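Heads up, the thing below is written out as structure tokens.
None of the values given here were measured: they were computed from a predicted structure.
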Amino acid sequence: MLDNALMDHLLNNLNTEQLAAVTLPAQSALILAGAGSGKTRVLTTRIAWLLKTGQVSSYSILAVTFTNKAAKEMLARLGTMLSDNLRGMWVGTFHGLCNRILRLHWKDAALPQSFNILDAQDQLSAVKRILKVANLSGDWYKPQSVAHYINSQKEKGLRAGDVRPRDHHEQELARIYEIYESQCQREGVVDFAELLLRCCELLERNQPLREHYQSRFRHILVDEFQDTNDMQYRWLKLLAGKDTAIFAVGDDDQSIYAFRGANVENMLAFRTDFKVKNFICLEQNYRSKGNILDAANALIAHNQKRLGKNLRTDAGQGEPVRILKLPSDTNEADWVCQEVQHLKAEGIPYREMAVLYRSNAQSRVLEHSFINKKIPYRVYGGLRFFERAEIKHAIAYLQLISNPNNNAAFMRVANFPPRGIGTRTLEQLDDLAKANNCSLYDAIPLMNGRSRSALEAFARIIDQGTASTFNKNLPDLITSIIESSGLEMYYQKEKEGAERLENLEQLISAAAQFLIEEGYDFEQYAQTSSLSVNTNASNDVIASSPNIIDANDNHPVNMSPLSAFLSHASLEAGDAQADENTDAVQLMTVHAAKGLEFEAVFITGLEEGLFPHENSSHDKKGLEEERRLMYVALTRAKKKLYLSCAEYRMLYGHANYNKHSSFIDELPEENTKLMFKQKKASYIDEAEWGNIPSSKPQTSATHHKWRAGQSVYHKKFGEGVIIRLESGDRAFVNFGSVGMKHLDLTIAKLERL
DNA sequence: AAATATCAGCTTTTT
DNA sequence: GCTGATATTT
């Protein structure tokens, strides 16, 4: 039981609103939690409170997050508050929890017991295999767009048979979707969207099961509610019974994932669907100084569609937000480095500084500067551990061991390392498999001729692995498969193989670590318990005596260590590289920065067209999401915030001359300070900056000077002709062999010829 | 089966 | 302008 004094201590550290949220009665509630308002603390203390007051046991609590990182953080914090009360509680991501339910009720869900999970890459290759046969071409049938189509249908809850095609193309897409569905089913694999959809269908179809979970979970807590998509909301509604209280925490102003299906409207829908009486705003910010917060508040106030909220702080005004315009992207990068060195000298560690940008392409120039100045840095968002080729190869062998029907895994490693199984052989095998409606693996004995023995040698590697699941623990199994598959030998011979071998070693230790963290017995082999196969009668079992399922749906989940590890590998791609402990400046996109905080933040590339990005800024909806993105960026900073833009930027091989971002104009003058690189910096037009923040209508003085057809000279591009003038003083100029440029005439220095 | 040529694509992205 | 993926070559 939780210590009384500790609980008092936890409650004493909350402000009025937080306390109100934490101690809310057992009814559904919507908590609007602003940036830096102690959201995670409220979530975890709420759980502690529910347990402490004896309202429920941990068994009745489900907490769901979006990312593994958030789930882990929540568990870690709960661990410091509670001793052993965590047992029985479900904490995880939407996908992780769906996986858990599907593993428990695999039979009811019409899945093989050890189904594999496809990550985005795997899904793409599955689609490619289909497209090769379907013989379709054109932009509509690019693997990427087909996969996107399938995913969006699944997110709408539509199976291939439910699709009502609008035109010929969609008819074809629906046909591919149908083939994809049956292929996945045949191969015993499930993609990310399928985890959600399949789980929802299971709960919808199976009333006793649904009622079991609905009465079990008395409290469902949802983190980052503004990021939920329609399917996730449907899942929540299915799990919530009439006595379930949903505690939804989110911030509509930080909704930046609409482009991948997140639906902020779920916050409004939730209020009506669940007749939410408890609505609490957390507006006290514990992160940023006043100027930073005021600037962020003023910016986001430009959005019309908001629930409405204004952050406040007791931390004092602090320094003004510094704004700087530089001649070029390289100058900008150099200046950032220079300022980083100043801050370091002032005593701020590198790891407390972040350089943010709108798109990944911008990192290049910055990195170049950091290397030059020998400043340690770390770029977020590279290849993650489980996405590396050598790891995916090893995983493919393991997938085949757990599920030989997985043709994607089969194709991936049948001839890797090379063992004389050519494309021709695989084609023949594929034909046989199709003709006999079986997997590639099962088609091997049907082959004849020379190729058969090569295939059999491959099958033997898999079979040996399968056999050792009964007498080897997981790390040993992986060690032996890396050896017997020939991966080890292959990378030993390879020139660049040393690093790959190291990663394979890491895979083995990751497995060992995983077993410990998940509470598996180290010497546990294939299946965890005989109870795991009770799903034949599960309907009755669950309906009549929930205790039986309770006994075995806690940790370790009823998955074999191998299946569990494979799920882990697909659902949690791991961190991008190690070095998390080294003191380095953090470089990342604004999206990647969500949820993080730093002493000092640089937001770079604040140019119209880049941030806000021109692909998003045409309609109001898009522009408002860009503004929320800017809001997220601003609110990452604790003490120091720098905004910079460049007059000239090289992007995708084209020169860009853009105005500074309109978002800069939306910041109040009293919270900002314009900086100048040099006193007489000719490239900074002080008058232009004097206009901030009043957005003075653009005068078109330049239009008197320029006309279409005018011959001009540009220092970099040479001679050209103005083709077309546009409002906003922009023009298309044809520079002949250099190409057509879209220039802002107030910035680009053109001479008349 | 590796080496080389060609070619699209290019905002954000977790599971 | 650069990268990653595919096509073509030897």
Side-chain angles (χ1 to χ4, degrees), chain A residues 64-71 92-99 117-125 128 132 139 142-145 148 151 154-155 190-197 199 223-224 227-229 231-232 235 255-262 329 356-365 368 380-384 386-387 389 415-424 490 494-495 567-576 588-595 605 609-618 622 625-626 628-630 632-633 649-656 739:
Chain A
V64 59
T65 63
F66 232 78
T67 65
N68 291 297
K69 200 175 156 200
T93 63
F94 282 99
H95 293 86
L97 295 170
C98 286
N99 181 42
I117 300 170
L118 301 180
D119 66 17
Q121 272 180 57
D122 302 332
Q123 184 189 34
L124 207 59
S125 35
K128 279 180 191 164
K132 207 176 274 175
D139 277 2
K142 279 182 296 187
Q144 302 273 10
S145 31
H148 180 261
N151 289 335
K154 287 191 182 187
E155 268 163 32
V190 150
D191 61 41
F192 288 139
E194 184 75 23
L195 284 170
L196 257 304
L197 178 54
C199 193
D223 189 22
E224 305 276 18
D227 285 340
T228 52
N229 66 28
M231 206 27 89
Q232 288 157 340
W235 185 80
S255 160
I256 55 174
Y257 286 111
F259 72 92
R260 64 172 196 216
D329 47 0
L356 309 183
Y357 35 83
R358 172 68 240 259
S359 66
N360 285 306
Q362 291 165 250
S363 75
R364 190 178 227 69
V365 189
H368 187 77
Y380 273 60
L383 250 200
R384 317 240 288 294
F386 286 106
E387 289 167 357
N415 199 36
F416 193 91
R419 50 173 74 87
I421 301 174
T423 28
R424 198 68 249 285
Y490 180 86
E494 182 106 325
K495 289 185 290 290
S567 294
H568 170 77
S570 304
L571 291 175
E572 187 168 0
D575 293 317
M588 65 188 90
T589 63
V590 182
H591 282 92
K594 191 175 158 211
L610 228 204
F611 197 180
H613 199 279
E614 67 178 337
N615 293 1
S616 316
S617 52
H618 294 309
E625 177 142 323
E626 291 289 305
R628 290 193 292 270
L629 197 53
M630 181 67 178
V632 167
R649 180 178 300 275
M650 202 65 174
L651 217 55
Y652 306 130
H654 291 287
N656 285 272

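Separating the C1' atom of C:dT3 from that of B:dT14 is a span of 23 Å, rounded to the nearest Å.
Annotation: the span from A:S359 atom OG to A:L651 atom CG amounts to 6.0 Å, rounded to 0.5 Å.
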- Please walk me through it: do A:D227 and A:K594 pass salt bridge (Lys or Arg N to Asp or Glu O under 4.0 Å)? CA-CA 12 Å; A:D227 285 340; A:K594 191 175 158 211; 2.6 Å; yes
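A donor-acceptor contact shorter than 3.5 Å links the side chain of A:H591 to the backbone of A:I256. The backbone N or O of A:I117 sits less than 3.5 Å from a side-chain atom of A:S570, completing a donor-acceptor pair.
A:F386 and A:H568 have perpendicular rings, their planes meeting at more than 60° on a 0 to 90° scale where under 30° would count as parallel.
Here chain A contacts DNA chain C (any atom closer than 4.0 Å to a heavy atom, that is under 4.0 Å), and the contacts span C:dG1 to C:dT6 from 5' to 3'.
Applying the 90° criterion around 0 to the glycosidic angle, B:dT11 comes out syn.
Between A:V590 and A:L356, the closest heavy-atom pair is CG2-CB, 4.2 Å. Closest approach of A:H613 and A:E626 over heavy atoms only: N-OE1, 2.9 Å. Of all heavy-atom pairs spanning A:A193 and A:N151, the tightest one is CB-OD1, 4.2 Å.
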- Take nucleotides 10-15 of chain B nucleotide by nucleotide from the 5' end and write B, S or -, depending on whether a protein heavy atom sits under 4.0 Å from the base, only from the sugar-phosphate, or from neither. BBBBBB
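Backbone-only engagement by A:K128 is indicated by non-hydrogen atom pairs under 4.0 Å involving sugar-phosphate atoms exclusively.
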